[in-house]
Amino acid sequence: ENNTPYNNMGLGNPIGMEEGGIAFHSNDKNESISPDDTGNNTEHAIYRGGYSTSLSHLFHSRDDADLDCCSLVCCGVLQHDYDRYVVLGIRPPSFTQRAFQHIVMPFFVFVLAGYFAVKIPYRLTPVSQVICTLMVLFIILWVIRSCLRGRVKRKEVRVELSDLLYKKRVNDVNIALSPEEMESLKEEGCDRSCMHRICGCVSIDHIPKSSYYDTDSDQKNTPYKYQNEMNFLGKISHISSRIFCGNLLGCWWQVFGVCALAQEAREIRKMVPAKQRRMDYVTFEPFLNYINSIRKLREEKNGNLIRHYGAISKLSRMLLKLLALVTIILFIFSLFGLPSFKISNMIVFIATLFQAFIIVYLVHWQWNRFDISLDAVIKYFASGFLLSTSTALFFECVEVLFLRLTLEFIMLFTDIDVAEPNEYKLSNENPVNQNLNLLLPLLFDDRQQGNSSSFFDITSIPSFWASQNYKRAFNEQYPLIAIIYLFISAFIVAALVEELCKYFGYKMIEHPDLLPETALNEAASIGIGGDDGLFGGSNAIGHDGRDDYYYGEDSDSDESDAEKVTSSFKTDEKGTNEQSNQHLKDKNNPIILYPANPRSLNTIRVAITVAMVTAALGFACCENLIYVFIYNGSSLNMEIGVLLARSLFPVHPLCAAIQSLGVCKRELENDRSLELGSIILPAILLHGSYDFTIMLLNFLSELSDGNDENNDDISGESLPSLILSILSLCFSVLYVVTGCAYYYRMSRNQKRRIEQIEAARNFVGIRA
């Protein structure tokens, strides 16, 4: 049973040794380690500080890609909190404390400064200027103080972990290091201080010990393991770090300590067994605190929504409360009749959320409520809404900036004959100097309209500095360059970035619904433990206790384990869980899981699909809010029109469902030939084609409108423009229908293959 595809989802039993009360092991999977001629293991190189991976190994390993992504989103705040809790046993500040420190306090001082600037009488203007200057200075110092405090906290984790790794390497009898190599293994104070700066520069961190590298490879600084398992994202990261950092500058550059944070997270994963890391981020609540409630509802086929709500975790409750709080605050603002947000805008806001919730209701609650829990759906939706969206927005901004600068550079050296409003006309002489005279300081002057599924709906050639007439002339005279630009924007800026962010929005969440039974049993075997952290006095993860089910190993009762668990569960009318104290023992004792029937692979397939679609719906919901209220918030009619247009074509959840086909094929059908690129490629093709078609048709429509204006034909919308609009609608419908048909066919075939796998696994032979 342990050799089935589902039990081989990278979640096998860890292998390692106990040292100093800490369970060290190679990885979560059973991996073969090949020794070299000296008998030393060549699976990993050794890097400064005793780490088994380098600072530059961001996204180099498919098994650690989720950690690398967690270290990247939100500047690594969530991953740092997790590492600090695991290493030092220190919980981060509560959400209320952080909101007060980073949002409420600076905003209050800023509003107070504005009040003094407006309300102080004119004769006291110098006093007002001094007060406002001091308040602005206070905000700046407050932000600097917060950054320095965060850096100190990160450094504490780095020091503790590096010292522990250094001692481990020194005491390892299989490693023979010279005194010089031992000295280079230490992480000096200068390097440590640069690890978690806003912008840090660290010298290349490999230890020149040839026996720890693959001698047959041309790239000796890359560990043997990572050279064989890098996907295309890892190769991009590897090439970029080598060219722009390692080879060009001779050091590793990093921003916000992301690379150092990912390195620490990867090392913690190798040092701490998986069974001791089964807990949520942010709240650090162990899975065992709430998984029994979920299993009980699933086994009983209980469809009561209130009871399902009672079984969710602390993190899910916190997310729902946060949503309610934001909604109440916006409602209060709308009651005051603010110019930018009125009651009508509040209704549009609710409708935008409601549109996403309706699809979640159908996909999860109506059809698959017992395949994946409500708790998992809330977490995946929040991951897509908060983490995936913010990450995609950042990288799309960077890519759009690079593309626009590149295009401006090309436009600078073109010869364009165009008359500006000042009647200045370009000639064919010295085009560079002439074009420089036309460049105007316009930032992001393109209107973000349409129903494209990307954040940056580039329907015409965007420009930082070029005037509108100049851009129109460029579009008319160089349409091929414009179309190439739109193609790159659609497939690289929009499709590639957003599909990757949605994939990692799913990948970053580890939920007990998608863990094999063996992993849950291993976690249950060690109990829950205290709050000292893994490297403190206890080897167990901390908690503070709602719905904890502890059952001692010894009992005088004649009941079976299943009867003990079942009898100890009592559900009240509100769905919250109560249990008798008959079997309640010490927290370090093993926990007995609520008895559950084995889940079929097809059930897991549906759960994976629902999880990925839910993460995509969270992403799409946040994107819709950005489009409705930021890009097109000029009028209520515009907001409603954009919302309806984007609701009719659910490209994001459809692409996520297509991605789930590849994930299920890799994890459930055990097809390890599928890499990240193969998983997301069909979704990128659909997403990119959809965006590119809409952008291209809008681009042609603008060219047509420009020609009509030149012919003084301003009697309403032109016929070519109307035809292009109808074509845009038809192509949108065509792409959505094609994507649905593709998913339906591939999903049906995959379901049959998985049923065959299960039939072969359950086959016990033919009786004579």
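Because the structure is a prediction, the values reported are computed rather than measured.
Arg277 and Glu510 get closest at one heavy-atom pair: O-OE1, 4.2 Å. A pairwise comparison of heavy atoms in Ala260 and Leu55 identifies CA-CD2, 3.4 Å as the closest pair. Considering all non-hydrogen atoms of both residues, Asp66 and Met508 come closest at O-CG, 4.0 Å. Between Leu315 and Tyr281, the closest heavy-atom pair is CD2-O, 3.8 Å. For the pair Ile103 and Pro106, the tightest heavy-atom approach, listed with the atom from each and the gap, is O-CD, 3.5 Å.
A donor and an acceptor atom, one from each side chain of Lys379 and Ser313, are located under 3.5 Å apart. With 3.5 Å as the limit, one finds a donor-acceptor pair spanning the side chains of Ser162 and Tyr51. In this model, a donor atom of one side chain and an acceptor atom of the other lie less than 3.5 Å apart for Ser54 and Ser56.
Atom-to-atom distance recorded for Leu141:CG and Ser146:OG is 10.5 Å, nearest 0.5 angstrom. Distance CD/Gln263 to OG1/Thr53: 5.0 Å, rounded to 0.5 Å. Separation of atoms NZ (Lys270) and OG (Ser52) is listed at 4.5 Å; rounding is to 0.5 Å. Separation of atoms CG (Asp280) and OH (Tyr82) is listed at 10.0 Å; rounding is to 0.5 Å. Remark: Ile347 CD1 to Phe354 CZ distance equals 13.5 Å, nearest 0.5 Å. Atoms OG and CD, on Ser388 and Glu498 in that order, are 10.5 Å from each other to the nearest 0.5 Å.
No side-chain donor-acceptor contact under 3.5 Å links Gln79 to the backbone of Gly76. With Ser334 contributing its side chain and Phe331 its backbone, the two residues share a donor-acceptor pair below 3.5 Å. No side-chain donor-acceptor contact under 3.5 Å links Arg62 to the backbone of Leu676. Under a 3.5 Å cut-off, the side chain of Ser383 and the backbone N or O of Tyr506 do not form any donor-acceptor pair. Side chain of Arg158 to backbone of Leu261: no donor-acceptor contact under 3.5 angstrom is found. In this structure, the side chain of Asp68 engages the main chain of Phe59 through a donor-acceptor pair within 3.5 Å.
Scored by the ring pair (Phe, Tyr, Trp, His ring centres under 6.0 Å) test, Phe357 finds Phe381 as partners (sequence neighbours excluded). Qualifying salt bridge (charged side-chain N to carboxylate O under 4.0 Å, His left out) partners for Asp83, counting only residues two or more places apart in sequence or in other chains: none. The side chain to side chain contact (heavy atoms under 4.5 Å, CB included) search around Val77 returns Asp81, Arg98, Arg154, not counting sequence neighbours. Scanning for side chain to side chain donor-acceptor pair (under 3.5 Å) contacts around Thr133 gives an empty result, with sequence neighbours left out. In this view, Phe138 and Trp142 satisfy the ring pair (Phe, Tyr, Trp, His ring centres under 6.0 Å) rule, not counting sequence neighbours.
Side-chain contact between Gln101 and Gln97: absent, with no pair of heavy atoms (C-beta onward) separated by less than 4.5 Å. Residues Thr389 and Ile626 have side chains in contact (heavy-atom distance under 4.5 Å, counting atoms from C-beta outward). Counting heavy atoms from C-beta outward, Val493 and Phe402 have side chains that stay 4.5 Å or more apart. Looking only at side-chain heavy atoms (C-beta outward), Cys621 and Leu353 come within less than 4.5 Å of each other. Residues Lys155 and Val152 fail the side-chain proximity criterion, which asks for heavy atoms closer than 4.5 Å. Side chains of Ile312 and Leu320 form a contact here, defined as non-hydrogen atoms less than 4.5 Å apart.
Using a cutoff of 4.0 Å between basic side-chain nitrogens and carboxylate oxygens, Arg646 and Glu623 are scored as salt-bridged. Between Lys153 and Glu156 there is no salt bridge, since no side-chain N of the basic residue sits under 4.0 Å from a carboxylate O of the acidic one.
Between Phe629 and Phe341, the ring-plane angle classifies as tilted under the 30° and 60° cut-offs.
Each side chain to side chain donor-acceptor pair (under 3.5 Å) pair with one or both residues in residues 319-328, not counting sequence neighbours, would appear here, but there are none.
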